[in-house]
Amino acid sequence: MSEIRFELDARIPDGPLEEKWDRHRAEMRLVSPKNKRNRRIIVVGTGLAGASAAASLAEQGYQVEAFTFHDSPRRAHSIAAQGGINAAKNYQNDGDSVWRLFHDTIKGGDFRSREANVYRLAQVSTSIIDQCVAQGVPFAREYGGQLANRSFGGAQVSRTFYCRGQTGQQLLLGAYSSLSRQIANGQIRQHTRTEMHDLVVVEGRARGIITRDLVTGEINSHVADAVVLATGGYSNVYYLSTNAKASNVTAAFRAYKRGAAMANPCFTQIHPTCIPASGEHQSKLTLMSESLRNDGRIWVPKNLDESRPAGEIPEDERDYYLERKYPSFGNLAPRDISSRAAKEVCDEGRGVGPTKRGVFLDFSDAIEQFGKETIRKRYGNLFDMYSHITNEDPYQTPMRIYPAPHYTMGGLWVDYNLMSNLPGLFVIGEANFSDHGANRLGASALMQGLADGYFILPYTIGDYIAQTPRDQLSADSVEFKETETETRARLSRLQSGSGKRTPTSFHRELGELMIEACGMSRSEAGLLDALARIPALREEFYQHVSLPGERANLNLALEQAGRVADFLEFAEVMCHDALARDESCGAHFRVEHQTDQGEAERNDEDYCNVSAWEFTGVGSPPALHAEALELETVELAVRNYK
Amino acid sequence: MKLTLNIWRQQGPNDTGQIVSYPAKDLSPDMSILEMLDKLNEELIAAGEEPVVFDHDCREGICGSCSMVINGVPHGPQKASTTCQTFLRSFQDGENIYLEPFRATAFPVVRDLMVDRSAFDRIIQAGGYVSANTGGAADGNALPIAQQTAEDAMDAAACIGCGACVAACKNASAMLFTAAKVSHLATLPQGQVERSERARNMVAQMDEEMFGSCTNQGACSAVCPKEISLDWIAKLNREHIRSRVAVST
Ligand SMILES: Cc1cc2nc3c(=O)[nH]c(=O)nc-3n(C[C@H](O)[C@H](O)[C@H](O)COP(=O)(O)OP(=O)(O)OC[C@H]3O[C@@H](n4cnc5c(N)ncnc54)[C@H](O)[C@@H]3O)c2cc1C
Ligand code: FES
């Protein structure tokens, strides 16, 4: 591991912003079709990013090995995305452009992302829609047959494409269909219910992975010319989040432990409109579309310990706190601001619902103004979903909502080519840190995943492969054998605990600690406290976790324990990052840095950078390397939503 | 509330399984079926016993992972709902609940309530796509599609691939699943070029996977969490006939 030089070169091409990508593409080396057939690429993860990349690489002629812990690629977390996908098509003729999408994304990210990457994202966004239409994705249409758009937060134009409330599903099924075609063609070998456990580094390059077959428990080595991680985000470090239950940080974290830099891990997005937890048993949280905030009014009772039902609380005893604090944006204040404000009123003890962690989202004024039918037309399916889950009727009583971890902007560090500092390791989709800075705008994650998978990685990886000669490396080589041995040792260590506590109980405890210390707001004292408590929790975990069942077999508890073990180490890196970033920006709110009105205060002088962390050993603080962000075209401005 | 859970436990595809009963107490009506199983599993693991294995992931009714026959009905008593979106308030305090896997020859049991549904993936691989390589696609608006056509295609495309249709069918037929994909693509202009080949190949694969034949009883659609309509099966039949005609002419 020590042979890896820790070097962060973003490799941003020269030239004006608008020309960088075209020029770079023209200059990249190519792999001839004959040679592609002899080169193998591993793609871990078959969500939007991974499925689109695997299919595109296979179409080019590479041999692709695709891995997923799911039973089918169609089940990836991407399937749950509801709202839509952005693209700078300007079909509405409302003044949208590549430049505007670029600018909105940089500003939305609070000026903590790379201009060149984000500009390219906006450029290729339009091709994504074309590609998906060609695959038969049933996007919503206008009466005239043209593609329909809706608007989303953080933008003044209408550029979001959608398939009812199931955009992620339809985009993923589109990518999955292309992937399936290549499986049938024999270009992709698919490994389902197979979990990556480690990355194998040979002579400083990523050359393969170690996997565990989740059904048989078998440990295997896989050799390739390059490895692509498309393994999604890590919101589940908080235990309760809107992510699918199995989403985890393992693949990315094991790569980090092999020398890949982890960038901005403390940048996590907490979504303001989710259904609150109903009790201890809660296993995950459900997102309600943000569009509800267009017509719903958010409030809590003015009095502490209010016990009357919502309808009986008179108008002058209600606190419409967003309208009060942010008169011009009101209930439509950005995600981070709304989330924090909800937490504050609940911390004061004015929260509603059985757990007192909730605020009202009230439609009674809107129903009075527009009529029940109009509201039903606008939000009928969301109201149904809400009443299905909570057994309450939002037409009669206000909804209850509460913020929930939703998306992680941080991730493995990548250069302009989406390659990590570890040569041969590429990272795409939510797993990398690339485009969203300190805060992601709605409908931009699907765009980024597909941009990476269809239109960026398939080119840049060729440039890398063209420069690395083919060799005869086999899984019998010492590096593979050693990494396999370490994987087995790690599993044995997990099973050596002799206690009565379940992996989930540790996960829940870690989650509570993290949402408090490194969630919607962070303080030096809180982070230091967390950094003291996490190692102790980890210790307790290894001593007292109960793992029945055998290793060489399907073993649910062992699967969970492996993921929790990584979260228990990763959480520390997040807290170090949050502590080191001594400013507030985007979703990262350090209580020490706020204006008189309680707004986030950025410090561009010292922190206009990416923090990239290097692993130095479990329990020892990671080493910080900063990549300075050179904003050449965008002017740094203060976000103001008053 | 309290319930008695009668759960199918089976070590592997070749074992004969059996129902095992577990008393469950301190349950909340707001728990989902899966949260109830989480709780049971926590108790089992803490006691050093192996947890009940079941598929799940999104817990929002969209990924199609969860798959249980609850009291004899795939996904349980609630209409248009998945297992993960079934809450204990649908049951009476003290009730006996039976949880079994989706059963079909084509869906072998992996362990307990988890089955192998890769046959569905192979049906898609046989033709459930439009052959459009990445790059070079025409502008999205170059091909206008009537709003209603897009809506119809979306109705069919809403299938989550859970397999409840197969589990509900007395013949374990995969017609509704296959029909949904064939119809989604046959409805859209993009799907026209490969239309005949697709219908033919997907139906052939369906047969090869040992799914049974369809007798149009509609049990599939009745349990479908996305309420995929039986009309699509009629459409698949037409598409299939059309494809055979297309071959012979
Ligand atoms: C409820 C919800 C709604 C959303 N709505 C929107 C929206 O409207 N618009 C938008 O733009 N974004 C939305 N997002 C965000 C967006 O859905 C995700 O960021 C995006 O889909 C992530 O895609 P991905 O391909 O990077 O990862 P994922 O879809 O998470 O896929 C990860 C893949 O990696 C595999 N994997 C992971 N680890 C391993 C391992 N160790 N071994 C083997 N395989 C592994 C998994 O099996 C899976 O195939 C939403 C998110 C949520 C939670
Ligand atoms: S767990 Fe995803 S549909 Fe039930």
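Every chain is numbered from 1, with letters handed out A, B, ... down the list of sequences. Values below: all heavy atoms of this structure, side chains included; hydrogens, waters and symmetry mates excluded.
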Next item on the list: Please determine, among A/Thr504, A/Leu172, A/Asn553, A/Asp71, the option with the most heavy-atom pairs under 4.5 Å with chain B.
Entry: A/Thr504
Check: With chain B, which of A/Gln182, A/Gln60, A/Arg193, A/Gln190 has the greatest number of heavy-atom pairs at distances under 4.5 Å?
Finding: A/Arg193
Item checked: Contact winner vs chain A - B/Arg111, B/Met114, B/Glu43, B/Arg89, heavy-atom pairs under 4.5 Å -> B/Arg89
Note to self: Looking at A/Gln131 and B/Ala137, would you say the former's side chain and the latter's main chain have a donor-acceptor pair under 3.5 Å?
What the structure shows: no
Note to self: Taking side chain as everything from C-beta outward and backbone as N, CA, C, O, which of these in B/Leu27 sits under 4.5 Å from a heavy atom of chain A? Side chain, backbone, both or neither.
What the structure shows: neither
Margin query: Let me confirm one number: the OG1-CG distance from B/Thr134 to A/Leu450, rounded to the nearest 0.5 Å.
Written below: 10.0 Å
Note to self: Using a strict threshold of under 4.0 Å (side-chain N to carboxylate O), is an ion pair present between A/Arg141 and B/Glu151?
What the structure shows: no
Notebook entry, point to check: Shortest non-hydrogen contact from A/Ser505 to B/Glu42?
Noted result: N-OE1, 3.9 Å
Item checked: Selection from A/Ala148, A/Ser247, A/Ser180, A/Ala55 maximising heavy-atom pairs under 4.5 Å formed with chain B -> A/Ser180
Next item on the list: Pick whichever of A/Gly168, A/Gly145, A/Ala87 has the most heavy-atom pairs under 4.5 Å with chain B.
Entry: A/Gly145
Note to self: With a 6.0 Å cut-off (strictly less than), is the heavy-atom count around CD of A/Glu280, excluding the residue itself, greater than 12?
What the structure shows: no
Checklist line | Between B/Gln78, B/Arg122, B/Lys181, the one whose heavy-atom pairs under 4.5 Å with chain A are most numerous | finding: B/Gln78
Margin query: Can you tell me how far apart CD1 (B/Ile62) and OG (A/Ser78) are? Round to the nearest 0.5 Å.
Written below: 12.0 Å
Margin query: Quick check on B/Ala158 against chain A: is it the side chain, the backbone, both or neither that has a heavy atom closer than 4.5 Å?
Written below: both
Item checked: Other residues, nucleotides, ligands: >12 heavy atoms within 6.0 Å of B/Gln92 CD -> no
Next item on the list: Output the residues of residues 138-150 of chain B for which the shortest heavy-atom distance to chain A is under 4.5 Å, in residue-number order; output 'none' if no such residue exists.
Entry: B/Ala138, B/Asp139, B/Gly140, B/Asn141, B/Leu143, B/Pro144, B/Ile145, B/Ala146, B/Gln147, B/Ala150
Next item on the list: Could you tell me which portion of A/Leu558 (side chain, backbone, both or neither) has an atom closer than 4.5 angstrom to a non-hydrogen atom of chain B?
Entry: neither
Next item on the list: Can you tell which part of B/Asp155 gets under 4.5 Å to a heavy atom of chain A, answering side chain, backbone, both or neither?
Entry: both
Checklist line | Validation row: B/Glu60, A/Gln82 side chains within 4.5 angstrom (heavy atoms) | finding: yes
Next item on the list: Please determine, by modelled atom types, if B/Arg117 and A/Ser72 share a side-chain donor-acceptor pair under 3.5 angstrom.
Entry: no
Next item on the list: Flag the one option from B/Leu44, B/Asp38, B/Asn133, B/Leu188 with the top tally of heavy-atom pairs under 4.5 Å to chain A.
Entry: B/Asn133
Note to self: Please give me the minimum heavy-atom distance between A/Thr502 and B/Ala46, naming the atom from each residue.
What the structure shows: CG2-N, 3.9 Å
Note to self: Pairing donors with acceptors under 3.5 angstrom, does anything connect the side chains of B/Asp57 and A/His70?
What the structure shows: yes
Notebook entry, point to check: If you tally heavy-atom pairs under 4.5 Å against chain A, which of B/Val53, B/Asn41, B/Val52, B/Leu34 wins?
Noted result: B/Val53
Check: Quick one: CZ on A/Arg75 to SG on B/Cys58, what's the gap to the nearest 0.5 Å?
Finding: 9.5 Å
Check: Side chain, backbone, both or neither: which part of B/Ile45 has an atom under 4.5 Å from a heavy atom of chain A?
Finding: both
Margin query: Is B/Ser28 close to chain A through its backbone or its side chain, or both, or neither, when contacts mean heavy atoms under 4.5 Å?
Written below: side chain
Margin query: With a 4.5 Å cut-off on side-chain heavy atoms, are B/Asp121 and A/Tyr176 touching?
Written below: yes
Notebook entry, point to check: How many angstroms lie between OG in A/Ser283 and NZ in B/Lys39, if you round to the nearest 0.5 Å?
Noted result: 14.0 Å
Item checked: Among B/Gly61, B/Ser118, B/Gly48, residue most engaged with chain A (heavy-atom pairs, under 4.5 Å) -> B/Gly48
Item checked: Region of A/Leu173 that comes under 4.5 Å of a non-hydrogen atom in chain B -> side chain
Check: For A/Phe161, is it the side chain, the backbone, both or neither that has a heavy atom under 4.5 Å from a heavy atom of chain B?
Finding: neither
Item checked: Partner chain B: residue of A/Lys500, A/His281, A/Arg501 with the largest heavy-atom pair count (under 4.5 Å) -> A/His281
Item checked: Part of A/Ser56 within contact of chain B (heavy atom distance under 4.5 Å) -> both
Notebook entry, point to check: Where on B/Met36 is there a heavy atom nearer than 4.5 Å to chain A: the side chain, the backbone, both, or neither?
Noted result: neither
Checklist line | Non-hydrogen atoms of B/Met154 and A/Pro138 that approach each other most closely | finding: SD-CG, 3.8 Å
Check: Quick one: of A/Asn555, A/Ile183, A/Asn391, A/Val215, who has the most non-hydrogen atom pairs under 4.5 Å with chain B?
Finding: A/Asn391
Check: For B/Val110, is it the side chain, the backbone, both or neither that has a heavy atom under 4.5 Å from a heavy atom of chain A?
Finding: side chain
Next item on the list: Could you check if a side-chain atom of A/Gln135 sits within less than 4.5 angstrom of a side-chain atom of B/Gln190, using non-hydrogen atoms only?
Entry: no
Next item on the list: Verify, without hydrogens or angle tests, whether A/Gln169 (side chain) and B/Cys159 (backbone) share a donor-acceptor contact under 3.5 angstrom.
Entry: yes
Notebook entry, point to check: Do any N or O atoms from the side chain of B/Glu49 and from the backbone of A/Pro548 form a donor-acceptor pair under 3.5 angstrom?
Noted result: no
Next item on the list: Hey, could you give me the CZ/CD1 distance between B/Phe87 and A/Ile389, rounded to the nearest 0.5 Å?
Entry: 5.0 Å
Next item on the list: To the nearest 0.5 angstrom, please state how far the NE2 atom of B/His56 sits from the NZ atom of A/Lys284.
Entry: 11.0 Å
Notebook entry, point to check: When heavy-atom pairs shorter than 4.5 Å are enumerated against chain A, which of B/Gly191, B/Gly135, B/Ala153 gives the highest number?
Noted result: B/Gly135
Item checked: Test side chain to side chain contact (heavy atoms under 4.5 Å, CB included) applied to B/Ile160 and A/Gln166, step by step -> CA-CA 11 Å; B/Ile160 59 173; A/Gln166 291 122 277; over 6 Å; no
Check: Do B/Glu35 and A/Gln282 pass the side chain to side chain contact (heavy atoms under 4.5 Å, CB included) test, and can you show the C-alpha distance, the side-chain angles, and the key distance before you say yes or no?
Finding: CA-CA 7 Å; B/Glu35 285 169 341; A/Gln282 193 80 30; 4.3 Å; yes
Check: Measuring heavy-atom distances to chain B, does A/Thr390 have an atom under 4.5 Å in its side chain, in its backbone, in both, or in neither?
Finding: backbone
Check: Within a radius of less than 6.0 Å around CZ of A/Arg189, do more than 12 heavy atoms belonging to other residues, nucleotides or ligands occur?
Finding: no
Margin query: Is the shortest side-chain heavy-atom distance between A/Ile188 and B/Gln125 below 4.5 Å?
Written below: no
Next item on the list: Measure distances from A/Pro458 to the heavy atoms of chain B and classify the residue's part below 4.5 Å as side chain, backbone, both or neither.
Entry: neither
